[in-house]
Amino acid sequence: MERSSFRSAWGILLMTAVFLLLYPLLHRQSGVLSQHFRNYNFFQRFLQDSSEMTVDTLQVDTSVVVKDTVKAPPPPPPPPAYAGKAGLETFYDALRSGKGQIRVAYFGDSAIEGDLICQTLRDSLQQRFGGSGVGLVPISSPIRGFRRSIRHNTSTNWYRRMLGQKNWPGYPLGILGGYFLAGKPPQAEDSLTVDSTLLNKDSLLIAEEPEDDPSEEEDFWVTYRGVNLFSGLRMVPRARLFYSAPIPDSTGHTAPSGSLDIAAGDRKAHFELNGKATVNQLWLLDSTVRQLSLTFDVPYSQPLFGISLESSQGVIVDNIPSRGNSGGRLLQVPYYRYNNFDSLLDYELVILQFGLNALAPELEDFSWYKSEINRTVRHIKQSFPNASILLIGPTDRGIKEEAEVVADPSVPLVTQVMREVAEQHKIGFFSFYEAMGGSGTIIDWADNKEPRWANLDYTHLSFPGAHAAGKMLLRYLLKDFDQQQ
C-alpha cells in the first residue's frame, strides 16, 4: 500500500515537471492561454542559453509580445493572369528578328474605343522595337474628338456602316468592321446577318449604334495630323488607302470608279481608285509629313475601308474597336475577307479583347458564351492563319444594387470561360480582371484614385486607368520574351 502511494506521488511529480517544462511552448501555441494567462521566462531563457543566443534582460510581459506577433495567415495568392503563352512564338520571333514591319491587330469592344489601352501598348513597343505611325484609322468616326493618338477631322456627310448596324446588300465589311460611303445608297435594306444562336443573348446585352445623320456638305474630305503626346505619332509616315471596286446596283449596273486628291505639305497628287478587287490598296505617301488631307470624288457605291499610317520598320498596332460586341460579331466579316486584308498587312499578332458585353450578374451558366467565343477564335485562326493569337478577358466591373455599387459576380465566370477556350485552342490568354487585382478593383479605381482610373459607370477605364492596363498587358507580353533572350 505504501509502495503504491509512493509510485503515485512520483507519477504526479513527473507529470507536473513535464507540464511545467512544456507550458511555455503550449502558451505560445494556444490563443486561449496567451490571452488569459501569463508566460514565464525560465524555459525561454534556458532554450536561448543552450543555443548560445543573446538574451534580452529587459523584463517584458510575454503575453503582450506573443499577442502582437500572432498574425492571420496570408490570403491565398490570386490565380495567374494568364493561362499560358502558347501560340505567341510568331510574334516573339518577329520581335527577335528586328527586321521589317511587325504588325498587331487589336480587336475589342468599347473598352478600347478611342485607342484606349492600345495607344499605351503601341507607344511602349515602338519605343523599344522601333516604328512610327498609328496604324489603321477609319475614314469617319463619331468619337474622333475623343481619341488622343491622332488628330482626325472629316466632313460630316460620310455614311458609315459598322458591325451591328444595317447593311446594304452586297456591300462588303472591311477589317475595321465596316465601310464608309460618299453618299447613301437608295432603298437601304436590313441585310444584317447574325448567328441565330446568339441573337437572343446579344439583343439583351447590346444596343445597335444610332444611324448616321450626314449633313448636306458637297465635298467629302478627311484630314489626319500627328500629335505630340506620343513620340512615334508626331508625324504622319507612309500612308495607304484600302478600298473596294464599285458595287453593282440591283439592275447589275456598275458606276465608274472614283478618285481622290491629296495634299501633304508641299506635295499634291491625284489618284484614280480603279482597283477591280473587293479589297484594293493604294499607296498615298512614301515620306513623312505633319498632316495628310484627302478629298474624294467617288460614287456612293464604292466603299472605302480606311487609311493606314505606318512606318516600313518596327511595330504597328491597329486599334479595331466594335462597340457592343461580345466577340461573335466578328463572324459577320467572312474569313476570306480577313484573308484579303492579311495578305496586304501581314499580321504577326492578333489580339481579341472581349467579355464586357457578355457579363450578366443574374447568370451562373455561361456555356452559351463559351460556344460563342469558341466560334470566334476558330474564325480568327482561319482568317489570320500565320499570326499568333492572344485572347484577353474583360476588366473588372461594378454594378449598382440599390444605393450601393458592388462587384459584378459574372466577371470571374466569363474570365474562366475565356481561359478555357484559350487553353483548348492553345493560344495566349491574359486576364485583365485578375491583373487589375480581382473583384471590386474597378470600384477602387473609380472612387479612390486621383485622377480617376475608371469612369463612374464602373465599367470603362479612363485614360489614366487604360494607361495602367496597357502597361500590365505589356509586362505580360514581354516577360517570357525577355526571359528567352
Side-chain angles (χ1 to χ4, degrees), residues 101-108 110-127 130-156 158 160 162 174-180 220-243 260 262-265 267 281-296 304-323 341 345 351 353 461-464 466-467 470:
Q101 188 183 94
I102 305 164
R103 193 130 197 163
V104 179
Y106 199 134
F107 293 90
S110 58
I112 68 167
E113 269 193 322
D115 216 14
L116 290 174
I117 302 178
C118 296
Q119 64 183 22
T120 299
L121 180 66
R122 179 190 303 110
D123 180 61
S124 299
L125 290 174
Q126 287 183 346
Q127 288 194 38
S132 63
V134 75
L136 283 173
V137 285
I139 299 296
S140 177
S141 169
I143 62 165
R144 59 185 178 271
F146 174 72
R147 185 170 182 171
R148 297 181 177 182
S149 54
I150 187 75
R151 292 187 63 181
H152 181 194
N153 198 15
T154 76
S155 59
T156 58
W158 290 100
R160 170 179 176 268
M162 307 300 289
I175 190 169
L176 291 176
Y179 51 84
F180 307 88
F220 292 85
W221 58 268
V222 58
T223 64
Y224 304 99
R225 184 177 177 86
V227 297
N228 294 324
L229 186 61
F230 303 97
S231 59
L233 306 182
R234 293 193 180 103
M235 304 294 286
V236 175
R238 301 189 315 163
R240 51 177 159 166
L241 169 72
F242 296 92
Y243 69 97
L260 81 154
I262 73 165
R267 181 186 177 191
Q281 72 173 357
L282 173 66
W283 285 99
L284 306 175
L285 283 178
D286 55 9
S287 59
T288 300
V289 297
R290 181 63 173 170
Q291 177 173 300
L292 173 64
S293 299
L294 311 174
T295 302
F296 290 85
L304 307 175
F305 298 123
I307 304 281
S308 179
L309 309 176
E310 59 186 70
S311 59
S312 60
Q313 303 286 323
V315 178
I316 306 297
V317 178
D318 296 329
N319 173 248
I320 311 176
S322 176
R323 185 182 302 178
F341 283 95
L345 295 166
I351 298 175
Q353 181 181 334
L461 304 182
S462 64
F463 277 102
H467 177 73

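Nothing here was measured: the structure is a model prediction, and the numbers come from that model.
The shortest non-hydrogen separation linking L309 to A239 is CD2-CB, 3.7 Å.
Counting heavy atoms from C-beta on, the side chains of L285 and R267 come closer than 4.5 Å. Inter-residue side-chain proximity for Y243 and L260 is flagged as unmet; no heavy-atom pair is nearer than 4.5 Å. I307 has its side chain within reach of L284: a pair of non-hydrogen atoms, C-beta onward, lies under 4.5 Å apart. No side-chain heavy atom of I102 sits less than 4.5 Å from a side-chain heavy atom of L125. Here the side chains of I262 and L292 are in contact, with some heavy-atom distance below 4.5 Å. Put simply, the side chain of F107 does not reach to within 4.5 Å of the side chain of I112, judged on heavy atoms. Proximity of I351 to L121: side-chain heavy atoms (C-beta onward) are separated by under 4.5 Å at one or more points.
Relative orientation of the W158 and F220 rings is perpendicular, given thresholds of 30° and 60° on the angle between their planes. Between F341 and F242, the ring-plane angle classifies as tilted under the 30° and 60° cut-offs.
The side chain to side chain contact (heavy atoms under 4.5 Å, CB included) check on Q127 picks up D123, S231, with sequence neighbours excluded. Contacts of N228 classified as side chain to side chain contact (heavy atoms under 4.5 Å, CB included), with partners at least two apart in sequence or in another chain: R234, R290.
Counting only distance, with no hydrogens or angles, the side chain of R122 and the backbone of V317 share a donor-acceptor pair below 3.5 Å. Side chain of S308 to backbone of R240: no donor-acceptor contact under 3.5 angstrom is found. Looking at Q101, its side chain never comes within 3.5 Å of a backbone N or O of S312 through a donor-acceptor pair. Using modelled atom types, one side-chain atom of S311 and one backbone atom of S132 make a donor-acceptor pair closer than 3.5 Å.
Within a 6.0 Å sphere centred on CZ of R238, other residues, nucleotides and ligands contribute more than 12 heavy atoms.
For R148 and D115, the salt-bridge test fails: no basic side-chain N is under 4.0 Å from an acidic carboxylate O.
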- Message: Please determine whether side chain to side chain contact (heavy atoms under 4.5 Å, CB included) holds for the pair I175 and L345, giving the CA-CA distance in whole Å, both sets of side-chain angles, and the decisive distance to 0.1 Å.
- Response: CA-CA 11 Å; I175 190 169; L345 295 166; 4.1 Å; yes

- Step by step, work out the side chain to side chain contact (heavy atoms under 4.5 Å, CB included) result for L461 and H467. CA-CA 9 Å; L461 304 182; H467 177 73; over 6 Å; no

Show me the donor-acceptor pairs within less than 3.5 Å that the side chains of residues 133-144 make with the rest of the protein, sequence neighbours left out.
unit_1 : atom_1 : unit_2 : atom_2 : d
S141   : OG     : I143   : N      : 3.2
R144   : NH1    : S141   : O      : 2.8

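Rounding to the nearest 0.5 Å gives a distance of 10.5 Å between OH of Y179 and CE of M162.
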